[in-house]
Amino acid sequence: MGVLAAERIKLTSTRSPWWCSAVIVALGLGLAALFALVVRTSAGDPEAGMPALDISTATSGVTGFGVMVLMILAALTVTSEYRFGVIRTTFQAVPNRYTVLLTKAGLVGVYGAVLSTVVAFGAVAVAKVVGGSEATVALTFDGQWRAVYGIPIYAFLAVVLAVGVGVLVRQSAAAISLIVLWSLLLEPLLSAFGNFGRNVGPFLPFQNINRFLSVAEVGGNWHWGVWGSLLYFIAFVAVVYVAALVYADRRDA
């Protein structure tokens, strides 16, 4: 309980978690309103070819940039301690480094899961209000619950992954660059190369979790179903995080 209390104090006594939380709320609700407005504006024009406003679209601000900000926050909880040398004091107080890192990932992960779920439901509500009845016909939870309960699962796993990356690289700039470029540039770029992308995409971690969260069918030469995609992402996160635990235990802080 002492480790949990210490990590909670660290998380709530600095400004960055509050700013990151505010950004996540703004992105989740703001993009939901924007997408709903665009669909509503195009609803009367059949030639516009706009997609239906479903749960995945309404919550894409949360699952996209929102979770990205959450991952940056999670990485900073580790890299900032390495930068200022606080991690040495922490490991002196709690010699079991596994306990410290597991508590850190668990605390931020649960916080991120709760926050992302609340913002996701808020995003759906905002989309319904802004989009109007005609544009939000497909904005119903019936048959789309996976896109809802998948959000806290994704948020928690993303935090664990980010903490693992932070432990492995130990530098804020490197961790943030790796997290952002990996999911927003590298994977979409690899998936864009025709047959190569369709063959490689199913083995990319963020492509798998995005498939699990998506209501529509995701293209690619998949070798497993949507639940297999979730298990693939879980396995990838587990490998990175276990490697981080072993690395932190064997290397000096």
Side-chain angles (χ1 to χ4, degrees), residues 7 11 17 20-21 23-25 27-29 31-32 54-75 77-78 101-125 127 139-166 179-180 182-184 187 201-218 220 222-245:
E7 293 300 327
L11 184 65
C20 289
S21 300
V23 170
I24 293 170
V25 173
L27 286 171
L29 302 184
L31 289 178
D54 54 22
I55 297 296
S56 294
T57 305
T59 59
S60 58
V62 182
T63 58
F65 295 107
V67 171
M68 183 61 53
V69 174
L70 191 62
M71 292 181 69
I72 293 174
L73 169 62
T77 61
V78 177
L101 297 178
L102 288 171
T103 303
K104 188 182 295 292
L107 179 64
V108 183
V110 170
Y111 172 75
V114 173
L115 177 63
S116 60
T117 302
V118 173
V119 177
F121 278 103
V124 173
L139 197 60
T140 174
F141 292 113
D142 294 339
Q144 302 187 57
W145 277 107
R146 190 178 72 244
V148 179
Y149 63 70
I151 292 176
I153 297 175
Y154 175 34
F156 183 86
L157 292 173
V159 166
V160 174
L161 176 62
V163 171
V165 171
I179 290 170
V180 173
W182 185 354
S183 59
L184 296 184
E187 289 200 7
F203 298 99
L204 300 176
F206 285 98
Q207 293 294 318
N208 276 273
I209 193 62
N210 287 333
R211 183 193 182 207
F212 176 75
L213 294 171
S214 177
V215 174
E217 183 66 26
V218 177
W222 297 95
H223 307 284
W224 43 75
V226 292
W227 286 98
S229 292
L230 174 62
L231 293 177
Y232 185 92
F233 188 73
I234 291 175
F236 177 81
V237 172
V239 169
V240 173
Y241 192 70
V242 169
L245 291 177

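Numbers for residues simply follow the sequence, beginning at 1.
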Neighbour count above 12 (heavy atom, 6.0 Å) for Phe65 CZ: no

Stepwise side-chain contact (heavy atoms from CB on, under 4.5 Å) check, Ile153 with Ile234: CA-CA 10 Å; Ile153 297 175; Ile234 291 175; 5.6 Å; no

Distance (rounded to the nearest 0.5 Å) between Tyr149 OH and Thr117 OG1: 13.0 Å

Ala123 to Leu29 - nearest heavy-atom pair and separation: N-CD2, 3.5 Å

Distance in Å, Trp182 CH2 paired with Met68 CE, rounded so as to fall on 0.5 Å steps: 10.5 Å

Student check: side-chain heavy atoms of Trp227 and Leu231 closer than 4.5 Å: no

Closest approach of Ala155 to Ser116 (non-hydrogen atoms, all atoms of both residues): CB-OG, 3.4 Å

Heavy-atom donor-acceptor pair, Ser214 side chain to Asn210 backbone, under 3.5 Å: no

Gap separating the CG atom of Leu11 from the NZ atom of Lys104, nearest 0.5 angstrom: 9.0 Å

Side chains of Tyr241 and Leu101 in contact at under 4.5 Å (non-hydrogen atoms): yes

Rounded distance (nearest 0.5 Å) linking atom CG of Leu70 with atom OH of Tyr111: 8.5 Å

Derivation of the side-chain contact (heavy atoms from CB on, under 4.5 Å) call for Val118 and Val25: CA-CA 9 Å; Val118 173; Val25 173; over 6 Å; no

Non-hydrogen side-chain atoms of Leu161 and Phe206 separated by less than 4.5 Å: yes

Interatomic distance, Leu107 atom CG to Leu102 atom CG [nearest 0.5 angstrom]: 12.5 Å

Minimal non-hydrogen separation, Gly66 against Leu27, with atom names: N-CD1, 4.3 Å

Check against side-chain contact (heavy atoms from CB on, under 4.5 Å), Val108 and Val163: CA-CA 9 Å; Val108 183; Val163 171; 5.6 Å; no

Heavy-atom side-chain proximity of Phe212 to Ile209 below 4.5 angstrom: yes

Thr57 backbone acceptor or donor facing Ser60 side chain under 3.5 Å: yes

Exercise: identify the closest heavy-atom pair between Gly201 and Gln207: O-CB, 3.4 Å

Non-hydrogen side-chain atoms of Val237 and Phe233 separated by less than 4.5 Å: yes

For the student: nearest non-hydrogen atoms of Ala120 and Thr59, plus distance: O-CG2, 3.8 Å

Minimum heavy-atom distance Ala105-Val160, with the two atoms named: CB-CG2, 4.4 Å

Min side-chain heavy-atom separation Ser56-Leu213 under 4.5 Å: no

From CG (Asn208) to CZ (Phe203), nearest 0.5 Å: 9.0 Å

Pairwise side-chain contact, Trp224 with Arg211, heavy-atom cut-off 4.5 Å (strictly under): yes

Side-chain touch Val180/Ile72, heavy atoms, less than 4.5 angstrom: yes

